[in-house]
> 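My questions will all concern the structure given below.
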Amino acid sequence: MASSFVTSSMFRFCFPLFLLAILLTGMNNVILVTDSNLGFASNLPYILLSVAVLLCHTFRQGRMAMVSVTMLVAYLVIQVRLQTPLSTGTTLLELSLLAALVPVTCLLVYAFPDTGVNSKSMFLYALILVLFMIWAKLIVSHFHAGGFESWSEGLLFTVRDFSKLPFVLVLYSLCLVGSTAILVLVYNRSIDVVVYSAILLASSTFIFFDVQYISSTMFSLSGTLIIIYVMSASHDMAFNDQLTNIPGRHALEVDMKHLGRKYSLAMVDIDHFKKFNDTYGHDIGDDVLKLVAGILKETTGGARAYRYGGEEFTIIFKGKHTEQVEEHLQTLVSEVHNYDMTIRNAKERPDNHDEGIKKRGKNGQSAEVVNVSVSIGLADSITTKHPEEVLKLADQALYKAKKTGRNKLCIHS
């Protein structure tokens with residue numbers, strides 16, 4: 001199938017941790033390699049993160065581009081400002097400010113729509129980055145004049161056996177890594193993985209900042225992962241239907257090449273969808289498509305649902321013939337038909353969301369409950385071993401179901 005373990009939330013959660021563990025374990029070897037290629041290694045994060053920004057522009061992944069720019073600026077600051085011992089000047093304070101601000105700016109991308117790189121959102125985000133840098137510069141200038149020994153001995157105390165970064169910032173970084181990891185496990189969106197991996201690797205850099213070449217290593221890995229996730233997001237755009245969030249026709253065509261010798265294919269069509277669309281509008285029509293897709297997505301028995309096109313869907317039952325899935329599809333027809341869909345009157349809906357909540361349920365005429373139904377055609381690989389022909393047979397069975405009353409399942413025999 002198109003979906004695999006590689007795109008699962010657990011893999012996306014564990015993969016950056018696995019790479020981080022490998023790098024930290026073999027850091028001595030990394031240092032030797034970096035020493036022999038110092039010029040290239042120190043510039044590699046610039047190259048990878050710049051490539052990530054260009055790819056984000058190509059595939060209109062604005063929020064990923066924002067994270068890439070943040071990491072690019074952070075690495076620049078490290079190379080320009082933090083190449084002196086942490087015990088000298090304001091280096092420790094500057095590292096602490098960077099450790100506090102980088103996760104915040106990465107999380108800030110959720111406040112923006114995912115438009116292209118060349119957009120007002122990107123300009124506003126860049127402006128916020130500039131304001132953060134000005135604010136940090138003012139703080140550094142203030143403490144450079146007045147000193148901050150009391151801070152480093154008090155609030156910014158360190159546990160030197162673990163990290164030279166203030167302990168409160170170590171806890172802060174770990175909390176944000178944990179929070180973004182939860183987003184990955186719950187939602188498993190590409191932007192969640194990018195933010196999680198960026199904060200994880202940036203935090204590792206700051207916590208183990210005294211390790212030689214840690215910044216070039218971690219930021220190079222961050223750029224590599226962002227590039228991978230941008231390509232993954234573009235793959236999702238190609239294979240997933242954006243409206244219903246289930247695999248689309250392209251994914252179906254790919255998966256049909258790997259069905260084996262035993263399988264069933266079902267064609268599902270929403271009854272009278274055009275009439276429903278004309279009556280209630282395209283927005284409600286989209287809601288119907290999402291509703292049916294959501295029910296199909298929960299299909300059990302090793303099945304996988306796809307949006308074939310328009311109001312048509314396809315279900316693949318791998319390793320099963322028609323008699324093994326007939327009962328399940330009959331249940332599916334009933335579930336769709338018995339689902340009460342509430343349609344609120346858009347003309348009477350208040351513009352203010354809070355007013356809408358207060359008025360909800362007070363006007364009996366403001367809502368209408370409707371039901372939709374589906375017709376299903378089913379065929380399996382007993383008649384023919386070619387998936388395209390099985391799909392045609394299922395389509396013929398669907399046509400029979402619609403001609404003989406709709407809201408039913410017909411099986412090709």
Side-chain angles (χ1 to χ4, degrees), residues 1-11 188 235-236 239-241 244-271 273 288-339 372-413:
M1 297 292 177
S3 178
S4 66
F5 176 68
V6 174
T7 58
S8 67
S9 59
M10 184 56 66
F11 179 85
N188 193 25
H235 176 276
D236 290 343
F239 281 84
N240 281 1
D241 178 65
T244 59
N245 199 31
I246 63 173
R249 190 164 179 172
H250 191 181
L252 172 65
E253 292 171 352
V254 171
D255 289 347
M256 283 174 60
K257 298 176 181 178
H258 309 283
L259 289 179
R261 304 175 68 86
K262 183 179 179 181
Y263 58 87
S264 296
L265 297 178
M267 288 295 294
V268 182
D269 186 89
I270 302 174
D271 296 328
F273 181 75
V288 171
L289 291 171
K290 294 175 186 177
L291 166 66
V292 174
I295 296 174
L296 295 180
K297 196 175 181 180
E298 296 174 359
T299 301
T300 57
R304 186 172 176 82
Y306 306 78
R307 187 180 180 191
Y308 188 78
E311 67 271 26
E312 286 189 312
F313 299 85
T314 304
I315 306 175
I316 291 179
F317 295 90
K318 197 173 182 180
K320 295 183 178 181
H321 285 150
T322 55
E323 64 272 9
Q324 296 171 282
V325 302
E326 179 181 0
E327 183 178 351
H328 170 73
L329 290 177
Q330 294 284 13
T331 303
L332 187 63
V333 171
S334 300
E335 284 183 3
V336 174
H337 184 63
N338 293 331
Y339 189 95
V372 296
S373 64
V374 294
S375 299
I376 303 178
L378 178 64
D380 61 26
S381 56
I382 292 179
T383 305
T384 173
K385 300 299 181 185
H386 300 289
E388 295 80 7
E389 295 180 10
V390 176
L391 194 64
K392 288 180 181 179
L393 296 177
D395 199 45
Q396 293 174 11
L398 171 63
Y399 181 77
K400 181 180 178 181
K402 297 184 80 67
K403 283 294 184 182
T404 56
R406 303 177 190 269
N407 189 30
K408 64 191 297 186
L409 166 70
C410 279
I411 303 173
H412 178 271
S413 57

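Index from 1, following the sequence.
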> For the residue pair His328 and Phe317, does the interplanar ring angle fall in the parallel (under 30°), tilted (30 to 60°) or perpendicular (over 60°) class?
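Ring orientation, 0 to 90° scale: perpendicular.
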> To check you understand the geometry: which heavy-atom pair defines the closest contact between Ala379 and Ala394, and what is its length?
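Nearest pair, atom of Ala379 first, then Ala394: CB-N, 3.6 Å.
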> When rounded to the nearest 0.5 angstrom, what distance separates NZ in Lys385 from CZ in Arg261?
5.5 Å
> Could you go through the side chain to side chain contact (heavy atoms under 4.5 Å, CB included) check for Ile382 and Thr322 one step at a time?
CA-CA 9 Å; Ile382 292 179; Thr322 55; 5.8 Å; no
> Rounded to the nearest 0.5 Å, what separates atom CG in Leu391 from atom NE2 in His386?
14.0 Å
> Could you measure the distance from the NE2 atom of His412 to the OG atom of Ser264? Nearest 0.5 Å is fine.
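OG of Ser264 is found 12.5 Å from NE2 of His412.
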> Looking only at atom types and distance, does a side-chain atom of Ser373 sit under 3.5 Å from a main-chain N or O of His337, one as donor and one as acceptor?
no
> Does NZ belonging to Lys392 count more than 12 external heavy atoms closer than 6.0 Å?
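Not more than 12 within 6.0 Å, no.
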> Where the side chain of Glu298 meets the backbone of Ile295, is there a donor-acceptor pair that is under 3.5 Å apart?
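Absent.
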> State, yes or no, whether a side-chain contact exists between Leu252 and Ile316 at a heavy-atom distance under 4.5 Å.
yes
> State the CG-OG distance between Leu409 and Ser334, to the nearest 0.5 angstrom.
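OG of Ser334 is found 10.5 Å from CG of Leu409.
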> Would Asp255 and Lys318 satisfy side chain to side chain contact (heavy atoms under 4.5 Å, CB included), going step by step from the backbone distance to the final call?
CA-CA 10 Å; Asp255 289 347; Lys318 197 173 182 180; over 6 Å; no
> Tell me, yes or no, whether the heavy-atom count around Glu327 atom CD, taken from other residues, nucleotides or ligands under 6.0 Å, exceeds 12.
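No, the 6.0 Å shell around CD holds no more than 12 heavy atoms from other groups.
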> Test side chain to side chain contact (heavy atoms under 4.5 Å, CB included) on Asp241 and Tyr306 and set out the steps.
CA-CA 8 Å; Asp241 178 65; Tyr306 306 78; over 6 Å; no
> Identify the heavy atoms of Arg307 and Ile246 that sit nearest to each other, and give their distance.
N-CD1, 3.6 Å
> Main chain of Met267, side chain of Thr314: is a donor-acceptor contact present, judged purely on distance under 3.5 Å?
no
> Leu329 and Ala266: which non-hydrogen atoms are nearest, and at how many Å?
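In this case the closest contact between Leu329 and Ala266 is CD1-CB, 4.0 Å.
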> Do Val390 and Thr383 have side-chain heavy atoms sitting under 4.5 Å apart?
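No, every pair of side-chain atoms sits at 4.5 Å or beyond.
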> Would you name the heavy atoms of Tyr263 and Thr384 that are closest together and state the gap between them?
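Nearest pair, atom of Tyr263 first, then Thr384: OH-O, 4.3 Å.
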> Quick check on Tyr339: does its OH atom have over 12 non-hydrogen neighbours (other residues, nucleotides or ligands) under 6.0 Å away?
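Atom OH in Tyr339 is not crowded, with 12 or fewer foreign heavy atoms closer than 6.0 Å.
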> Which heavy-atom pair separates Ser381 from Lys262 by the least distance, and what is that distance?
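So the minimum-distance heavy-atom pair works out to OG-CA, 3.4 Å.
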> Specify the closest pair of heavy atoms between Glu312 and Leu398, including all atoms of both residues, with the distance to one decimal.
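Taking Glu312 first and Leu398 second, the nearest heavy atoms are OE2-CD2, 3.7 Å.
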> For the atom pair CD (Glu388) and CD (Glu253), what is the distance rounded to the nearest 0.5 Å?
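CD of Glu253 is found 9.0 Å from CD of Glu388.
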> Do Leu332 and Ile315 have side-chain heavy atoms sitting under 4.5 Å apart?
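Counting from C-beta outward, Leu332 and Ile315 do come under 4.5 Å.
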> Side-chain contact, heavy-atom cut-off 4.5 Å: Val333 with Asn407?
yes
> For a 4.5 angstrom cut-off between non-hydrogen side-chain atoms, does Asn245 reach Lys297?
yes
> Do you know which of Lys400, Lys403, Lys402 makes salt bridge (charged side-chain N to carboxylate O under 4.0 Å, His left out) with Asp269?
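Among the candidates, only Lys402 passes.
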> Roughly how far apart are Lys408 NZ and Gln330 CD, rounded to 0.5 Å?
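These two atoms lie 9.5 Å from each other.
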> Is it the case that Ser375 and Asp271 place a side-chain donor and acceptor less than 3.5 Å from each other?
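Note: Ser375 and Asp271 side chains meet the donor-acceptor criterion.
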> Knowing that exactly one of Val372, Leu289, Val374 qualifies, which makes a side chain to side chain contact (heavy atoms under 4.5 Å, CB included) with Phe273?
Leu289
